[in-house]
Amino acid sequence: MELLTSEDFKNTRIQPEWTAMDYLLEVVRVDQEKMQEQTFLNEKKNGRLKRKRRIQEENSKNKRPITSYPPKPLMPEGLKQHIVENMGGSNCVLVIQKQLFFSDVNPQASRLLIPFSQVESHEFLNESEVERLKNKEAIQACLVEPSMEETDINFKWWDMRKNSMYVITTSWNSIVKNNRLKAEDVVLLWSFRVDSILCFALQKL
């Protein structure tokens with residue numbers, strides 16, 4: 001417990017009519033505030049130490065969060081070869097690396113959400129495509145599934161309250177079923193061009 005000093009009373013406004021009892025009550029009030037502040041600081045310090053110890057324990061057990069991804073993923077050679085040699089594609093760009101949620105594989109929803117906040121870069125779209133999407137027009141595109149099958153999908157732009165996202169619809173349920181996608185799977189969505197036409201490829205890690 002620390003003793004009170006003159007610094008502790010710097011915010012005290014002494015009134016001319018105060019009695020000895022008033023001074024005593026003010027000392028008690030300031031002392032209680034200082035004790036509460038010290039208790040808060042001690043709890044905060046102890047909390048930081050506990051969190052630090054917990055992190056150290058988790059690291060010592062080599063625990064890895066589900067959403068930890070390897071840096072700068074590369075397109076598999078087999079997929080790249082299929083796009084370039086079989087489809088005549090080029091300009092492969094990573095759109096998003098995402099862990100699937102239940103809503104992404106729920107047959108009732110039948111769509112893949114691609115939040116803007118998780119998109120690697122929006123430069124895979126040209127100005128014309130951006131305008132079409134902003135005008136609520138769907139872009140029909142070809143998607144190469146993890147199984148290497150080519151499927152027609154619709155690519156859209158949704159504004160949901162304060163969040164915007166791209167959405168893949170049409171045939172998404174069959175893509176989920178054919179490739180046995182499930183919640184917590186990690187997928188990479190790539191974009192590429194075939195004769196300047198937008199296409200996509202889905203990679204399952």
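Computed from a predicted model, the values in this text were never measured in an experiment.
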Do Glu129 and Leu198 make a side-chain contact, defined as non-hydrogen atoms from C-beta onward lying under 4.5 Å apart? yes

Joint cluster assignment, Met165 & Ile153, ILVMFWY side-chain distance < 4.5 Å: no

Any Trp172 side-chain heavy atom under 4.5 Å of Leu181 side chain: yes

Under 3.5 Å, which donor-acceptor pairs link side chains of residues 140-148 to any protein atom two or more places apart or in another chain?
unit_1 : atom_1 : unit_2 : atom_2 : d
Glu145 : OE1    : Asn179 : ND2    : 2.8
Glu145 : OE2    : Thr151 : OG1    : 2.3

Give the cluster check for Ile96 versus Val176: same hydrophobic cluster or not, with ILVMFWY residues linked at side-chain heavy-atom distances below 4.5 Å. yes

Compare all side-chain heavy atoms of Leu205 with those of Leu188 and state whether any distance is below 4.5 angstrom. yes

Output the distance between atom CD (Glu184) and atom CZ (Phe101), rounded to the nearest 0.5 Å. 9.5 Å

Would you kindly say whether Gln81 and Glu77 are connected by a side-chain donor-acceptor distance under 3.5 Å? no

Under the side-chain hydrogen bond (donor to acceptor under 3.5 Å, both in side chains) rule, what pairs show up with a residue in residues 195-205, not counting sequence neighbours? Trp190-Gln203

Asn173 side-chain N/O to Pro107 backbone N/O, donor-acceptor pair under 3.5 Å: yes

For Asn106 and Phe102, indicate whether the former's side chain and the latter's backbone hold a donor-acceptor pair under 3.5 Å. no

Could you tell me whether the side chain of Arg132 reaches within less than 4.5 Å of the side chain of Asn135, counting heavy atoms only? no

Is there side-chain contact between Asn163 and Trp158, with heavy atoms separated by less than 4.5 Å? no

Below 4.0 angstrom, N of the basic side chain to O of the carboxylate: do Asp159 and Lys134 qualify? no

For residues Phe155 and Leu202: do they belong to one hydrophobic cluster (side chain heavy atoms under 4.5 Å, members Ile, Leu, Val, Met, Phe, Trp, Tyr)? yes

Has Asp185 got a side-chain atom pairing as donor or acceptor with Lys182's backbone, closer than 3.5 angstrom? yes

Using 0.5 Å steps for rounding, measure from the NZ atom of Lys80 to the SG atom of Cys92. 7.0 Å

Can you confirm whether Ile139 sits close enough to Leu133 that some side-chain heavy atom of one is under 4.5 Å from a side-chain heavy atom of the other? yes

List, one per line, each side-chain donor-acceptor pair under 3.5 Å for residues 111-121, sequence neighbours excluded.
unit_1 : atom_1 : unit_2 : atom_2 : d
Arg111 : NH1    : Ser103 : O      : 3.0
Ser121 : OG     : Glu123 : N      : 3.2

Could you check whether Tyr166 and Phe200 have their ring centres less than 6.0 Å apart? no

Find out whether Asn91 and Phe192 are in side-chain contact, i.e. whether some heavy atom of one side chain is under 4.5 Å from a heavy atom of the other. no

Tell me whether Leu94 shares a hydrophobic cluster with Leu100, the cluster being built from Ile, Leu, Val, Met, Phe, Trp, Tyr side chains joined at under 4.5 Å. no

Between Ile168 and Leu189, is there a side-chain heavy-atom distance shorter than 4.5 Å? yes

Between the side chains of Glu150 and His82, is a donor N or O closer than 3.5 angstrom to an acceptor N or O? yes

How long is the straight-line distance from OG of Ser174 back to CD of Glu149, given to the nearest 0.5 Å? 8.5 Å

So, Asn126 side chain and Ser128 main chain: donor-acceptor pair closer than 3.5 Å or not? yes

Flag the pair Asp104 and Lys98 as a salt bridge only when some basic side-chain nitrogen lies within less than 4.0 angstrom of an acidic carboxylate oxygen. yes

For the residue pair Cys199 and Val194, what are the closest heavy atoms and their distance? SG-CG2, 3.9 Å

